[in-house]
Amino acid sequence: MEPQPPATENPEQAPRRRKLLIAAAIVGGLCLVIAVIGVFGGLKAKPSGATQVKPGETLDQGRFTVTVLSARVGDVKGPLDSKAKHSLIVRMRVTNNGTDTASLDGDLKIGMTGVPKPGKHLDPAEVTGLANGSPTTLVQPGLPVEADASWELSPGSAPTQAVIAFRKWEHGAGFSDPQIVWKVFSGSAIAATVTVPVAAS
């Protein structure tokens, strides 16, 4: 019996088999890339934006712990104003987490902003405080005070809610001074936002 010649491959099967091998290699490569990214944390959900805090809940912005208590519309007369201005007034409880004295109309004011609409920020016009019922401009370490931050409104306007954003303070060396200090800037990241209803006036 004569040996049979080897069966020849169907010419149409060779390209098909080559395509299947290429597809399998691509899928395997993608699986490997995804596995490597996952190991290094690349597929973990990233927080989108700042933490949303409800009125009455505390938020930690580093130098201060703040609780937004309420909001209302009223008239505010600043120290340099000749007459009171129609304003949004947000009441807060503020604790200084640092070891040095902080100011309300300086330090606290720099670290917060109003958000009348997404992407727009308005710093408060005034920040005043009460400590044990007496007016104060300072926040001593560990001693909470109540503070009112105000934003001037257009005449007759009465918003039903306000969004207040609190910037994240950093604790580290100064730019040209090695002393460790608290720092915050107008461009600092937002630590948290609070949407507070505005009481009818």
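- Nearest heavy atoms, Pro141 versus Gly98: CB-O, 3.2 Å.
- Without hydrogens or angle criteria, Lys109 side chain to Ala125 main chain gives a donor-acceptor distance under 3.5 Å.
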One pair to check against side-chain contact (heavy atoms from CB on, under 4.5 Å): Arg91 and Glu146. What are the steps and the verdict? CA-CA 7 Å; Arg91 171 66 56 95; Glu146 288 197 355; 2.9 Å; yes
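- The heavy-atom pair separating Pro116 from Gly114 by the smallest distance is CD-O, 3.4 Å.
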Could you go through the side-chain hydrogen bond (donor to acceptor under 3.5 Å, both in side chains) check for Thr195 and Gln161 one step at a time?
CA-CA 7 Å; Thr195 301; Gln161 67 177 22; 5.5 Å; no
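- Annotation for Asn96 and Val139: closest pair ND2-O, 3.0 Å, computed over non-hydrogen atoms.
- Among all heavy-atom pairs drawn from Val184 and Lys168, the shortest one is CG2-O, 3.8 Å.
- Side chain of Asp105 to backbone of Val127: a donor-acceptor contact under 3.5 angstrom is found.
- Counted within 6.0 Å of CD on Glu57, heavy atoms from surrounding residues, nucleotides or ligands total more than 12; the atom is thus considered enclosed.
- Here the shortest heavy-atom pairing between Trp182 and Asp100 reads CD1-OD1, 4.4 Å.
- Side-chain contact between Leu69 and Arg93 is present, with heavy atoms from C-beta onward closer than 4.5 Å.
- Counting only heavy atoms from C-beta outward, the side chains of Val76 and Ser150 approach each other to under 4.5 Å.
- Using modelled atom types, one side-chain atom of Gln61 and one backbone atom of Arg167 make a donor-acceptor pair closer than 3.5 Å.
- Across all their heavy atoms, Ala147 and Val94 have their closest contact at CB-CG2, 4.1 Å.
- The backbone N or O of Ile89 sits nowhere less than 3.5 Å from a side-chain atom of Ser87 that would complete a donor-acceptor pair.
- Neither side chain, Asp148 nor Thr128, offers a donor N or O lying under 3.5 Å from an acceptor on the other.
- His171 places no side-chain N or O within 3.5 Å of a backbone atom of Lys183 that could act as its donor or acceptor partner.
- Ile190 is not listed as a side-chain neighbour of Phe166, based on a closest heavy-atom distance of 4.5 Å or more.
- Formation of a donor-acceptor pair under 3.5 Å by the Trp151 side chain with backbone atoms of Leu122 is found in this model.
- With salt bridges taken as basic N to acidic carboxylate O contacts below 4.0 Å, none links Asp75 and Lys85.
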